[in-house]
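Notes for the one structure printed next.
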Amino acid sequence: DLLTDFFYRPLLNLSFALDARMGHGSLVNYHFTNLIIHWINVCLVFSVLKEWGLPLSRALTGALIFLVHPVLVQAVVWIPGRTDSLLGLFCFSGLLFFLRYLRWHRLGDLAAYALCLAGAVLTKETGLALGFFVAAMSIVPDHINRISWIQRMRAVLLTACVLGAW
């Protein structure tokens, strides 16, 4: 198959296989799963905006805009568009865990970020962008999240290990 020769997307394929198994060939399950993923992404967008420090009203407004006008409408309504929604789920989750790591310095949040990064690259190749974004955020010092260089390098090395393993 042309697509499987170029793309390694096991988590996406697993989600389709689960829908096929549970829906017994019905397309309703595929569409329902896409809607559920979109709703989860809306909640994650809200959480990321709150964690980033936006007031509740602005975070809610951002999430509601994402709800009614996703950047890629086909990611919600078109079955093969799940690639982008599932990628968003892992990227938004990973960013949320990384922001929590910056704030609370908990290694569990860093480990959860790494799992989300792995999920992102196993869903779609552009999941690499999450790793590069987090590595850049780790290297550039800021005045909001006072985090030591050791903590920053943990994030960069963990990102490099996940991307290297991929």
Side-chain angles (χ1 to χ4, degrees), residues 1-52 59-60 62-101 106-138 154-166:
D1 182 42
L2 182 62
L3 288 180
T4 56
D5 288 344
F6 294 108
F7 300 121
Y8 181 65
R9 298 176 174 177
L11 292 181
L12 176 67
N13 294 335
L14 177 63
S15 77
F16 286 140
L18 290 173
D19 275 343
R21 173 70 93 161
M22 292 171 49
H24 306 291
S26 170
L27 298 180
V28 173
N29 272 24
Y30 292 93
H31 289 291
F32 184 71
T33 301
N34 282 3
L35 286 173
I36 294 297
I37 292 171
H38 182 63
W39 274 100
I40 292 170
N41 282 340
V42 169
C43 295
L44 288 169
V45 166
F46 173 77
S47 298
V48 166
L49 294 175
K50 279 295 296 165
E51 191 67 35
W52 218 312
L60 185 59
L64 289 175
I65 289 171
F66 185 82
L67 170 67
V68 298
H69 183 41
V71 175
L72 297 170
V73 173
Q74 65 269 23
V76 179
V77 299
W78 187 49
I79 293 170
R82 180 178 304 175
T83 309
D84 296 312
S85 291
L86 201 55
L87 173 65
L89 187 143
F90 286 114
C91 287
F92 293 138
S93 297
L95 184 57
L96 179 62
F97 283 119
F98 182 71
L99 291 172
R100 287 182 178 172
Y101 171 70
R106 294 184 300 226
L107 291 178
D109 288 329
L110 188 60
Y113 150 73
L115 289 174
C116 291
L117 176 59
V121 296
L122 292 174
T123 298
K124 189 174 181 183
E125 303 72 33
T126 52
L128 292 168
L130 173 64
F132 292 127
F133 182 71
V134 165
M137 283 181 64
S138 299
R154 270 188 203 139
V156 171
L157 290 174
L158 189 58
T159 298
C161 287
V162 169
L163 296 182
W166 175 72

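Values below: all heavy atoms of this structure, side chains included; hydrogens, waters and symmetry mates excluded.
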4.5 Å side-chain heavy-atom contact, [X] and [Y]:
X	Y	answer
Leu86	Ser15	yes
Leu67	Trp39	yes
Leu163	Leu117	yes

Rounded to the nearest 0.5 Å, how far does [atom2] of [Y] lie from [atom1] of [X]?
X	Y	atom1	atom2	result
Ser85	Leu35	OG	CG	9.0 Å
Phe7	Thr123	CZ	OG1	13.5 Å
Leu122	Tyr8	CG	OH	6.0 Å
Leu49	Leu99	CG	CG	10.0 Å

Self-check item: salt bridge (Lys or Arg N to Asp or Glu O under 4.0 Å): pairs with one or both residues in residues 14-31, sequence neighbours excluded
Solution: Asp19-Arg82
Quiz item: Does any pair with a residue in residues 113-133 pass salt bridge (Lys or Arg N to Asp or Glu O under 4.0 Å), and if so which ones, sequence neighbours excluded?
Solution: Arg9-Glu125, Asp84-Lys124
Provide the closest heavy-atom pair for [X] versus [Y] in the form atom of the first, atom of the second, distance.
X	Y	result
Leu87	Thr126	CD2-OG1, 3.2 Å
Leu158	Ala114	CD2-CB, 3.5 Å
Asn34	Trp78	ND2-O, 3.3 Å
Val156	Ser138	CG2-CB, 3.6 Å
Cys116	Ser93	SG-CB, 3.5 Å
Leu95	Leu130	N-CD1, 4.1 Å

With sequence neighbours left out, what residues match [X] under ring pair (Phe, Tyr, Trp, His ring centres under 6.0 Å)?
X	result
Phe97	none
Phe90	none
Tyr113	Phe98

Quiz item: Lys50: what forms a salt bridge (charged side-chain N to carboxylate O under 4.0 Å, His left out) with it, not counting sequence neighbours?
Solution: none
Practice problem: Carefully, step by step, assess Arg154 and Leu107 under the rule side-chain contact (heavy atoms from CB on, under 4.5 Å). | Solution: CA-CA 9 Å; Arg154 270 188 203 139; Leu107 291 178; 3.6 Å; yes
Quiz item: So Phe16 and Tyr30, would you call those rings parallel, tilted or perpendicular, with 30° and 60° as cut-offs?
Solution: tilted
Quiz prompt | side-chain contact (heavy atoms from CB on, under 4.5 Å) assessment of Phe92 paired with Ile40 | solution = CA-CA 10 Å; Phe92 293 138; Ile40 292 170; over 6 Å; no
